[in-house]
Every structure is written in C-alpha cells, then in structure tokens.
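Here the structure is laid out as structure tokens; the discussion comes afterwards.
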Amino acid sequence: MSKKSVEAAYKLACERYAELGVDAEAALKKLVKIPISLHCWQGDDVRGFENPDGDLTGGIQTTGNYPGRARTPQELRGDLDFVFSLIGGSHRVNVHACYAEFEKGKKVDRDALQPEHFKGWIDWAKKNGLGMDFNPTLFSHPMFDGFSLASRKKKIRDFWIRHTIATRRIAAAIGKALGSPCVNNVWIPDGFKDIPADRATPRKILNDSLDICFEEQFSPKHMLDAIESKLFGIGAESYTVGSHEFYMGYAVKNQKVLTLDAGHYHPTETISDKLSACLLFVPEILLHVSRGVRWDSDHVVIVNDDLLAIAQELVRLDQFKRVHIGLDYFDASINRIAAWVIGVRAMQKALLFAMLEPIKLMTDAEKSEDYASRLAWTETAKTMPFGAIWDKFCEDEDVPLDTAWLQEVKTYEANVLSKR
Ligand code: RNT
Ligand code: ZN
C-alpha cells in the first residue's frame, strides 16, 4: 500500500472515530510512548549461553526445532536489532541471568555473577536507547533439584539466595547505567509432582529466603523487585510453593512489584480482572503477557479476547507508570523472529484498539444503568476502521505494514538464519 493511501484511509478513519468522541491522533501519540519489554529468551528457546545444549528444567518446556536459533550473544542481539527494525515505539529488553557473557576461561557460577558479565548487553542497550529488565535464573542448573529458594537443603537454598542477591546488584547496575529502573523478576519453579504431605514448610522457607534476598536496599530509580507466581508446572502439577496467594501476600506486605503472567492461572481465569484489585494494594505490577493453551502457558501472543481485555484494563485504569508490560512466551516451532514481531505487534494493536473504544459512551451508559447501550457500544467498536489507524502508526514509525514485515523476515531467514 502506498503512503498516500495509508494517509487517505487514516483521514477517513479519524472522522469516523471522532463521531464516537474518540481522538485517534491522541491515541497514536500515547501508544508510541508505551514501552514493551521484549524477552530475550524467545530467540534461543530459553537456553542461555552457559550451556546451550543442556536441558531446560523447572517445569517449562519449549517444543519444536525450527532452524535458526541464536547461539551466541552476537546472534541473539543481531536478531533483536532486526526485530526492533520491524516494530514501532520505544522498547526494553528483558534478559535472564543465564545470558551472562564471560571472557575466555573466566566463567563463574551463578552465585558469583557480577554486572561486568552483562556489559555486552548494557553497552548494546545504551547504544540503541533501550531500557533493560532482568531475572535471576533459578532453573536449568545442577543446583536446582526441583527446589531452589524453597529448598529444605541449606546448601541448595543458600546457593540460590546468593544468586538472587547477585542479580539484584546486577539489575541495580543496569538501571543506573541506562538511567531507567530495571525490574528484576524472581520466578522459581519449586513444587511437587504429586500431593504434598506438608504444604506449609516450603512456603515458610520461601518467605524467609526472600526476606534475606531482599535485605539490601537499592534506589527504586535503579532497581525494582518483582515476584511471579504460577499455578503449576510440567512435573510439578500438584503443588507450587510460589502460588498466587503466597506472592500476593508477600508483595502487599513488603510492597514489592507483583508479576502477573497471563498463562499462570486456571484456564478460565484472566489477569485482566486482577489489575484493578491488585493496584489498590501493591505499588506496581509487571505483566508477563503470554497466551495459555491447555497445559502450556507460553504460546505466542496474538490479538484475542484475553489480550484485548488486558489492554482495555490498562487503558481504562491509565496506570502505565505503575504497570510494566513485558512479554513472556517461547515457541521453537516457527521462525523465532516472526514470533517476537507477532507478539509485540499484537500487544500494541490491542492497546491501540482499547484506546479507540468509545469509552466515554460506555461509561456514561453504565452510570445511567443503560446496560444494553453499554453492550452495543462495545460491539460498535469492533467494526470501526481500526486497521487504518494501525497502518498509520506503522507508517509514522517507519516500520513495514502488516502486509510487508513478513517478507522482510523471510529474507532475513534466507540470508542469516538459514546459515546457522
Ligand atoms: C515460567 C515463568 C517465567 C519464565 C521466564 C523464562 O513459567 O513464566 O517468567 O517464563 O523466567
Ligand atoms: Zn512469566
């Protein structure tokens, strides 16, 4: 499509939206400023650089063997550079501790990691004007035996406490270097495959371990602690130590950032409904936007009802300063670059769609108890010329339209990925 026809369609679409009291231009200005944190682990199936051929443990799994996975920091950052050329807006990169880089012969274990091991990431982020987020990696390691911070074994527990403390220091150094707070998200897979005899002890241990991990104080300008719950994992189906109630309680009591992963709840439970409640009690929220499909919590994000509901809540609450948007999924069965692009674009489309809804008409109808009108307006929004506004966003951001980015990915696949 030519620039001229994008402009013409946009102009007509703006008029239609204005009739519903919606300012499409203002929506675009807002959308471009909402950062989305891209998870580095989509590019290499959560393998990291320590031992890329080792097993992924901790109740998470990638399925598929699509060619072209990134094997080195250079390949992974190169892939991300390419992804950034296909998506509009200003973004962040979310890095796991297992993506540390070592000079030859100077490898250290996870409990001895230092900011210097992430210099490659920090320099690259700085150069590209990106923010960064971080995560301790409490899985895929010989010291993880089904338990980490909640282990009854002091040796195991202490190792992971030292690791988590190390990552908080690294996150603070990252945030300081980039001039933007780095969210350090703690997720542990600890749990039981079968019914526990004692549900209480591991939770008490986890509570105490976290207290030790979080002792050191950092400026919120540099680092923010986040904690992520989960309902179950593969091989840990009956009991997860870090359940929702556990972390909700811990986050409220200790005023930590609460992470809500869209794939970590009962299949009919959505995180969209949780935002307005949690924001009353925790200072900030980190979203792990994902798509659960049956037992898997990590399919590529697409525009579906769940995603739209999350976006609607974000827009209606207008708490973008308190809610960090991150993506968290991994699909090794399709082109990994496409998986990233589809997910980021889906998140942005959902946000834009939510911003273009006739929310004033809907809330007015609700206030006057006219629920038929409220429902009718939600349906009207669905047939409005949304695509014309989305195309304009891509055009303004100088990135390919939805009809064109895929071709660029195919070319990259032929020239770069297929040679790996
Ligand atoms: C796992 C959690 C966690 C991980 C990443 C790799 O179920 O969602 O966030 O996906 O830490
Ligand atoms: Zn997650």
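Whatever order the structure lists ligands and atoms in, that order sets their numbers, starting from 1.
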Judging by distance only, is a nitrogen or oxygen of W41 under 3.5 angstrom from one on ligand 1?
no
H96 and ring pair (Phe, Tyr, Trp, His ring centres under 6.0 Å): which partner among F134, W187, F139, F330?
F139
Do ligand 1 and N185 have nitrogen or oxygen atoms that lie under 3.5 Å from each other?
no
Heavy-atom nearest neighbour in the protein, as seen from atom 8 (O) of ligand 1, with distance rounded to 0.1 Å
D328 OD2, 2.7 Å
Hey, does Y329 sit under 4.0 Å from ligand 1 if you only count heavy atoms?
no
Restricting to N, O or S atoms of D328, which is nearest to the Zn ion (ligand 2)?
OD2
Show which atoms of ligand 1 fall inside a sub-4.0 Å distance from at least one heavy-atom site of K230.
1 (C), 7 (O)
So, regarding N135 and ligand 1 (criterion: nitrogen or oxygen to nitrogen or oxygen, under 3.5 Å), is there a contact or not?
no
Distance under 4.0 Å to a non-hydrogen atom of H96: what atoms of ligand 1 satisfy this?
5 (C), 6 (C), 11 (O)
Counting only heavy atoms not in K176, do more than 12 sit closer than 6.0 Å to its NZ atom?
no
Are D306 and T270 close enough that a side-chain donor and a side-chain acceptor fall under 3.5 Å?
no
Please confirm whether H39 and Y329 have ring centers closer than 6.0 angstrom.
yes
Would K107 and F49 count as a cation-pi pair here, with the cationic atom under 6.0 angstrom from the ring centre and within 45° of the axis?
no
Ligand 1 to H288, heavy atom cutoff 4.0 Å, flagged ligand atoms 9 (O)
Evaluate the ring planes of W121 and W124, with Trp represented by its six-membered ring, and classify them as parallel (under 30°), tilted (30 to 60°) or perpendicular (over 60°).
perpendicular
For the Zn ion (ligand 2), the nearest N/O/S atom on H288 is atom ND1
Please report whether ligand 1 has a polar contact with W187, defined as an N or O pair separated by less than 3.5 Å (distance criterion only).
no
Hey, which atoms in ligand 1 end up nearer than 4.0 Å to a heavy atom of I60?
1 (C), 7 (O)
Between H264 and ligand 1, is there a nitrogen or oxygen pair with a distance under 3.5 Å?
yes
Name of whichever N/O/S atom of E228 is nearest to the Zn ion (ligand 2):
OE2
Using side chain to side chain donor-acceptor pair (under 3.5 Å) as the criterion, point out the one residue from H324, K256, R322, K321 that pairs with E284.
H324
What do you reckon, are the aromatic ring centroids of F118 and Y99 less than 6.0 Å apart?
no
Out of the candidates H141, E50, H163, only one should pair with R110 under the side chain to side chain donor-acceptor pair (under 3.5 Å) rule; please name it.
E50
Would you mind naming the N, O or S atom of D261 nearest to the Zn ion (ligand 2)?
OD2
Per-residue contact class, E228 against ligand 1 - non-hydrogen pairs under 4.0 Å:
side chain
Using the salt bridge (charged side-chain N to carboxylate O under 4.0 Å, His left out) definition, which of the options K204, R203, R152 pairs with D198?
R152
